[in-house]
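Scroll down for the structure; my scribbles are underneath it.
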Amino acid sequence: MLTLGFSKTITLLFAAILLSTITIIPTLSFADNPVMSPRKQMASGIAAEDVVCKSGFALMKRTLGSVACLKPVSAEKLANTGFGIIIKDATITETEQKDNRSNILVVVLDDTGFADYAFTGSEISTPNLDSLRNEGKLFTNFHTNPTCSPTRSVLMTGVDNHLNGFGSMLEFIADNQKGMPGYEGYLNDNVVTVPQLLKDNGYHTYMTGKWHLAYGISDPTNDWEKWTRYDPHAKGFEETFTVEIPGSHFTNLGEDPNHVPIATRNGEQVDYPQQYIDDVFTDNMIQFIDKNNDDGKPMFMYLSFWNNHWPIQAPQEYIKKYEGKYNVGWDKIREQRFDKQKELGLIPQDMQLSPRNNQVPAWDSLNATQQKQEAKKMEIFAAMLDSLDNNLGRVVNHLKEIGEYDNTMIVVFADNGAESSDPTKKVLHSSGDSGSYEKWLETTYDNSFENWGNGNTMIGIGLGWSQVGNTPLLREKGFETEGGTRVPMLVKLPNKNQETSSNAFSRVTDVAITILDYAQVQHPGTTYNGQQIAPVDGKSLRPILEEKAQRIYEDDEPVGAELFGNSALYKGDWKASKHVSPFGDGKWKLYNLANDVAEQNDLSEQYPELLDEMIKDYDEYAKRVGVIPPIGLDIPREADTG
């Protein structure tokens with residue numbers, strides 16, 4: 001009897017366990033010449049040394065005599081354990097058609113302002129985001145929708161939010177919008193999703209994180225069968241671990257008395273994690289990446305973080321990094337970021353910092369206790385972004401470790417600008433009156449100063465720090481201002497590491513079209529599986545990404561947008577916008593963003609004919625997509641907008 005030493009036995013046992021987690025290639029069809037699995041090839045009389053593997057796979061001969069086709073990285077790991085030897089590197093047959101399409105990783109941050117990143121002027125440590133910026137293109141004139149779910153609906157479909165079900169958010173649909181087409185408040189059946197098309201065309205499709213395209217903050221358990229049809233697993237994602245809308249970042253405490261966050265795995269409800277939720281989303285994404293990595297199919301990965309949405313909470317080790325960092329106050333930090341943006345070439349050298357929002361007090365007017373509290377809020381927010389950056393780095397580093405990074409396109413942006421809401425106040429969609437909300441908050445959360453940042457606190461950064469986050473832009477999330485919709489976007493192309501920038505106008509729907517373009521997948525147009533669907537409404541960014549064009553929209557090409565009755569029309573460097581009460585007066589204003597990105601100088605009286613033309617363009621857009629202005633909808637600024 002052959003006896004192995006204890007260490008050798010353990011090594012081989014470990015290798016066997018490792019191999020059991022690696023998918024052995026089954027029969028793989030390439031054109032009309034299928035490549036059989038190694039076992040079937042040997043069973044047909046082919047010698048071990050003559051077994052043919054799929055392109056990009058090494059042939060390993062196990063110690064016991066059998067063979068396996070493995071990715072080179074996996075084969076090398078097993079070879080180092082003594083489990084076998086690599087007898088052939090990547091083997092290619094003449095009739096084999098290799099799938100060379102790139103992987104695609106889309107990362108969406110929540111409620112993060114234009115100036116919150118180190119590469120746009122911030123003092124927050126984001127080395128992994130910085131690295132991607134150093135290897136890719138930074139888009140500085142990229143626009144989202146003003147709030148979360150409309151942005152995500154467009155990203156997932158390439159279709160205007162008024163056509164895909166998010167003419168308004170489910171939580172804020174006015175009475176006159178209820179039951180109207182395009183105002184379902186969930187991703188409707190008039191669209192086909194990008195992940196569904198990618199899955200149909202040979203991609204693995206994985207999602208982890210916040211979904212917010214189904215039942216919103218409402219309770220889905222009364223009609224769970226209905227809502228599972230709108231779960232990401234039913235919308236084209238092969239593997240999912242998602243939460244519709246999380247609440248606490250550490251537990252399943254909700255944002256509202258009736259809100260109980262629910263976690264789902266492939267459409268089935270699972271136990272809610274009692275740990276930092278973005279860590280869990282990252283863990284699951286890495287597991288999904290590894291699950292089928294050896295089969296040679298490209299991956300579409302959608303990592304949708306909950307950070308930096310309120311309630312602001314972060315692991316204490318991250319918060320400690322920023323102790324005292326913000327004691328100088330929001331006025332000084334805003335000035336520092338503004339100056340840094342000039343140094344980085346993001347804004348003109350002669351640009352003047354716009355006045356502080358008149359609802360924000362001067363920092364020096366606050367007493368010592370107030371300053372201590374406000375500084376602490378920003379310490380926590382910075383810690384959240386720092387933690388997010390670390391999780392992004394975990395995914396990127398894992399792609400490098402398994403040899404997939406170079407062949408991966410990476411897209412990173414936030415769903416809207418920084419958020420000013422005060423979650424200690426009753427939100428519009430909350431049940432009951434303000435008194436009952438405050439009682440719920442008092443009995444559910446511990447908002448004592450000493451507890452801030454932990455999983456049972458409910459606070460936000462407020463208007464003062466959100467204005468800092470959106471420097472140098474006007475206002476914040478929820479508005480059709482640049483501060484609400486203009487966020488930086490990073491795109492790293494596969495097999496290319498070059499730092500470049502673009503100030504060309506672009507928007508979220510363009511990202512959806514660009515994904516399909518690089519995946520070599522054609523959108524079906526107006527029919528999918530025999531059903532009428534809405535056509536896409538964007539353009540591929542490929543010409544800009546590959547330096548073949550400076551822009552994709554012409555100067556005379558209008559682009560409309562609307563949410564909550566606030567409207568905007570972009571046309572070249574010009575922007576016309578109208579905001580309803582309480583922020584606006586309902587009148588159209590005109591700005592030239594080329595020299596007034598902060599929207600401080602209304603030119604409507606100087607160029608009345610241009611404004612009239614743009615209003616006409618907007619009316620045509622609104623008619624085409626079915627905009628229904630809300631009646632009686634007054635969203636207070638202390639209320640969350642998703």
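All values derive from a computational prediction rather than experimental measurement.
Between atom CH2 of residue Trp330 and atom CD of residue Glu335 there is a gap of 14.0 Å, rounded to the nearest 0.5 Å. How far NZ of Lys332 is from CG of Asp364: 11.0 Å, rounded to the nearest 0.5 Å. Rounding to the nearest 0.5 Å places CD1 of Ile277 at 12.5 Å from NZ of Lys210. Once rounded to the nearest 0.5 Å, the distance linking CD of Glu419 with CG of Asn416 reads 7.5 Å.
Heavy atoms of other residues, nucleotides or ligands lying less than 6.0 angstrom from CD of Gln316 number more than 12. No more than 12 heavy atoms of other residues, nucleotides or ligands shown are found within 6.0 angstrom of CD on Glu442. For Gln352, the CD atom sits in a loose shell: 12 or fewer heavy atoms of surrounding residues, nucleotides or ligands are nearer than 6.0 Å.
Here Tyr618 pairs with Trp588, Tyr621 under the ring pair (Phe, Tyr, Trp, His ring centres under 6.0 Å) rule; sequence neighbours left out. The ring pair (Phe, Tyr, Trp, His ring centres under 6.0 Å) search around Tyr607 returns Trp574, not counting sequence neighbours. Residues that satisfy the side chain to side chain contact (heavy atoms under 4.5 Å, CB included) test with Asp350, not counting sequence neighbours, are Pro348. With sequence neighbours excluded, the residues satisfying side chain to side chain contact (heavy atoms under 4.5 Å, CB included) with Ala174 are Asn176, Gln177, Pro630, Leu633. Phe338 pairs by the ring pair (Phe, Tyr, Trp, His ring centres under 6.0 Å) definition with nothing, not counting sequence neighbours. Looking at residues two or more places apart in sequence or on another chain, you find a side chain to side chain contact (heavy atoms under 4.5 Å, CB included) between Asp602 and Lys589, Leu590, Tyr591, Ser604. For Thr424, the side-chain hydrogen bond (donor to acceptor under 3.5 Å, both in side chains) partners two or more places apart in sequence, or in a different chain, are Asp422. Residues passing the side-chain hydrogen bond (donor to acceptor under 3.5 Å, both in side chains) test with Glu562 are His162, sequence neighbours excluded. Under the side chain to side chain contact (heavy atoms under 4.5 Å, CB included) criterion, Lys340 pairs with Glu343, Leu344, not counting sequence neighbours. For the ring pair (Phe, Tyr, Trp, His ring centres under 6.0 Å) test, no residue two or more places apart in sequence or in another chain qualifies with His259. With sequence neighbours excluded, no residue satisfies side-chain hydrogen bond (donor to acceptor under 3.5 Å, both in side chains) with Thr457.
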Show me, pair by pair, the donor-acceptor contacts under 3.5 angstrom made by side chains of residues 481-491, not counting sequence neighbours?
unit_1: Thr481; atom_1: OG1; unit_2: Leu474; atom_2: O; d: 2.7
unit_1: Thr481; atom_1: OG1; unit_2: Gly484; atom_2: N; d: 3.3
unit_1: Glu482; atom_1: OE1; unit_2: His143; atom_2: NE2; d: 2.8
unit_1: Glu482; atom_1: OE1; unit_2: Arg486; atom_2: NE; d: 2.7
unit_1: Glu482; atom_1: OE1; unit_2: Arg486; atom_2: NH2; d: 3.0
unit_1: Glu482; atom_1: OE2; unit_2: His143; atom_2: NE2; d: 3.4
unit_1: Glu482; atom_1: OE2; unit_2: Tyr570; atom_2: OH; d: 2.8
unit_1: Glu482; atom_1: OE2; unit_2: Lys575; atom_2: NZ; d: 2.8
unit_1: Thr485; atom_1: OG1; unit_2: Thr481; atom_2: O; d: 3.1
unit_1: Arg486; atom_1: NH1; unit_2: Thr140; atom_2: O; d: 3.1
unit_1: Arg486; atom_1: NH2; unit_2: Asn141; atom_2: OD1; d: 3.0

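When only modelled atom types and interatomic distance are considered, Glu480 and Ser567 share no side-chain donor-acceptor pair under 3.5 Å. The closest side-chain donor-acceptor pair between Tyr117 and Arg133, if any, does not fall under 3.5 angstrom.
Here the options are Asn454, Asp279, Asn307, the test is side chain to side chain donor-acceptor pair (under 3.5 Å), and the partner is His249; only Asn307 passes.
Taking a cutoff of 4.0 Å between a charged side-chain nitrogen and a carboxylate oxygen, Glu317 and Lys320 do not qualify as a salt bridge. Classification of Asp537 and Arg507 as a salt-bridged pair holds, one side-chain N sitting under 4.0 Å from a carboxylate O.
Note: Tyr322 and Tyr326 have parallel aromatic rings, judged against thresholds of 30 and 60 degrees for the angle between ring planes.
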Using salt bridge (Lys or Arg N to Asp or Glu O under 4.0 Å), reason through Asp415 and Lys477 one step at a time and then give a plain yes or no. CA-CA 9 Å; Asp415 58 358; Lys477 172 183 176 180; 5.8 Å; no
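The closest side-chain heavy-atom distance from Tyr276 to Met384 is below 4.5 Å.
The aromatic ring centroids of Phe479 and Phe583 lie less than 6.0 Å from each other.
Geometric assessment of Lys425 against the ring of Tyr437 yields a negative cation-pi assignment under the 6.0 Å and 45° thresholds.
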